[in-house]
Amino acid sequence: MNTNEQLDRLVARSVDLHTREEFERKLKAAASENRPLRIKYGADPSAPDIHLGHVVGLNKLREFQDGGHTVVFIIGDFTAMIGDPSGKSQTRKPLSRDQVKENAVSYQEQVFKILDPDRTEVRYNSEWLSPMGFEDVIRLSAHVTVAQMLARDDFSKRYGANQPISLVEFLYPLVQAYDSVMVKADVELGGTDQLFNLLLGRELQKVMGQEPQVIMTLPLLEGLDGVNKMSKSLGNYIGVTEPAKDIFGKAMSVSDDLMWRYFSLVLCMREDEMAAMQEAVASGARHPRDVKDELGRKLAARFHGEAAAAAASEEFARVFSKSELPEDIPELTLSAGDLENGTIGILSIMVKGGLASSNSEARRLITQGAVKINDEKVADPKHFLTPADGMIIRSGKRGFLRIKL
RNA sequence: GGUGGGAUAGCGAAGUGGCCAAACGCAUCAGACUGUAAAUCUGACGACUUAUGUCUUCGAAGGUUCGAAUCCUUCUCCCACCA
């Protein structure tokens, strides 16, 4: 692959690139000197679950690696131990050293599902941040002005709206920028929300006499709701360690419009290939559900293999399309002590079996017509039943329970 | 240090003595419609074996009152502005 091809491939799907000229120059220089570029990527170990939103960036990193470059994967263990108050009023609670270490390990396991370990340099930023004294911090801070900080969109908005901004939040971008200096990054990758921080890395490198890093931002993947970016705190994510059937099921719940984003950003489907699929759906040649099934399968297969993906797809069709029973149904074992005259109230079964968190909730579900015993609708919350082994209680679309005596 | 504002259910946000288990929006759950879609519509959304019933909730603790989310006192926490 020559440099131009590589450039095109690497630039695909990116949003910002500062600057293309520099990037081209760096790629050429690296090729002629036969040395890899150092691609920096920062990870926050306070949320150790990697989801598809992260995969967007990891995919790109992998492309760099396939081009022979080195990924410098920075685990922000130092910053995690301080706790980032950014955004919401709720301060993120600082993690202990052990927690951070633990998270970092699981983080790496997940990341190497996508990245090539041989071309990855894992670094912890405590390595250079911990030994710093207050004097060093002050010197570092001197490089940036408040006006520069307020240029960040989210800061200026919050400042204008009389919302609190902690001083720590000002320090965070600075720390991140300093990481770039310490690892001598050639390129830094991040989501579009990271633009400011990445740019600050460039500035700081310049000030400190380094060649500034090229920065590349990638689109933020929308979560399952189709509106907000995928994030753990919003609960709209698909995690890479989730069971195949959950990955599949969640993928199926995505709207038709959104599924193309997943094809493109997570599965890296080529433009022309995708255009052909969209055309097929538009003309009616392919049913959108089948396309989504393909999406779900491919996602599940990526993290669990083809066999598991196929099984997930079949299970899904059985349970939801045909409304049959899933393979694994949680069991509730009833003992004689639970029964009165050989019967038991439907409400207590539901609460015991975890189908409802309170009697009131169980009652609600029943009056709303969500509950079935062996496929027969229950209308009366006061219903008492004589349990039989293997009896199936169903609540809504997802709640199942098998009685065991 | 000073001045002002604030703390209400998962979140946002009304409510300034009884009609408040607390409007509304979002989220959630259920039903209808479907392709488990999405969108839409309907309903539910503190608990209690559903009762025009009881109990626990409106930052915390006390108090006033027949009656308090609402008034008073103290406390805790948060924010803005001025210095």
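None of the values given here were measured: they were computed from a predicted structure. Labels below follow one simple rule: chain letters A, B, ... track the order of the sequence lines, proteins then strands, and each chain is numbered from 1.
- Base pairing analysis places rA83(B) opposite nothing; no Watson-Crick or G-U wobble pair with both distances below 3.5 Å involves it.
- For rG31(B), the paired base is rC41(B) (Watson-Crick or G-U wobble, both distances below 3.5 Å).
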Practice problem: Decide salt bridge (Lys or Arg N to Asp or Glu O under 4.0 Å) for E294(A) and K298(A); before the verdict, give the C-alpha distance in whole Å, the side-chain angles of both, and the deciding distance to 0.1 Å. | Solution: CA-CA 6 Å; E294(A) 185 179 328; K298(A) 282 189 167 155; 2.9 Å; yes
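- Applying the 90° cutoff around 0 to the glycosidic angle, rU57(B) is assigned anti.
- Note: NZ (K382(A)) to P (rU49(B)) measures 12 Å, nearest angstrom.
- The pairing partner recorded for rU49(B) is none, the criterion being a Watson-Crick or G-U wobble arrangement whose two distances lie under 3.5 angstrom.
- Within 6.0 Å of the CD atom in Q278(A), the count of heavy atoms belonging to other residues, nucleotides or ligands exceeds 12.
- Both distances falling under 3.5 Å, in either a Watson-Crick or a G-U wobble arrangement, place rC77(B) opposite rG6(B).
- Both distances falling under 3.5 Å, in either a Watson-Crick or a G-U wobble arrangement, place rG12(B) opposite rC24(B).
- For D290(A) against rG35(B), a side-chain-to-base donor-acceptor contact under 3.5 Å is absent.
- In terms of phosphate contacts, S360(A) brings a side-chain nitrogen or oxygen within less than 4.0 Å of OP1 or OP2 of rC48(B).
- We find that CZ of R318(A) is positioned 18 Å from C1' of rG35(B), with the value rounded to whole Å.
- For the OP1/OP2 pair of rA44(B) and a distance below 4.0 Å, the side-chain nitrogens and oxygens of T367(A) include no atom meeting the criterion.
- Judged by Watson-Crick or G-U wobble contacts below 3.5 Å, the nucleotide rU57(B) has no partner.
- Residues G369(A) and V351(A) each lie close to RNA chain B; by heavy-atom proximity, the contact nearer the 5' end of the strand is made by G369(A).
- In this structure, the CG atom of N359(A) is 16 Å from the C1' atom of rC45(B), given to the nearest Å.
- As judged by a 4.0 angstrom heavy-atom cut-off over every strand, P381(A) is placed among residues making no nucleic acid contact.
- Per the geometry, CG belonging to D225(A) stands 9 Å off P belonging to rA27(B), to the nearest Å.
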Quiz item: Between T217(A) and Q194(A), does a side chain to side chain contact (heavy atoms under 4.5 Å, CB included) hold up when you go through it step by step?
Solution: CA-CA 7 Å; T217(A) 65; Q194(A) 290 291 310; 5.6 Å; no
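- Within the shown strands, nothing qualifies as a pairing partner of rG17(B) under the Watson-Crick or G-U definition with both distances less than 3.5 Å.
- Nearest-nucleotide mapping onto RNA chain B: of F248(A) and L365(A), the residue sitting toward the 5' end is L365(A).
- Between the C1' atom of rC48(B) and the CD atom of E361(A) lies a distance of 15 Å, rounded to the nearest Å.
- As a whole-Å value, the separation of R398(A) CZ from rG31(B) P is 10 Å.
- Applying the 3.5 Å distance criterion, the base of rG43(B) shares a donor-acceptor pair with the side chain of Q368(A).
- Protein atom CZ of R394(A) is 15 Å distant from nucleotide atom C1' of rC29(B), rounded to whole Å.
- rG62(B) and rC72(B) make up a base pair, with Watson-Crick or G-U wobble contacts both under 3.5 Å.
- Atom CG in L347(A) sits about 11 Å away from atom C1' in rU50(B), given to the nearest Å.
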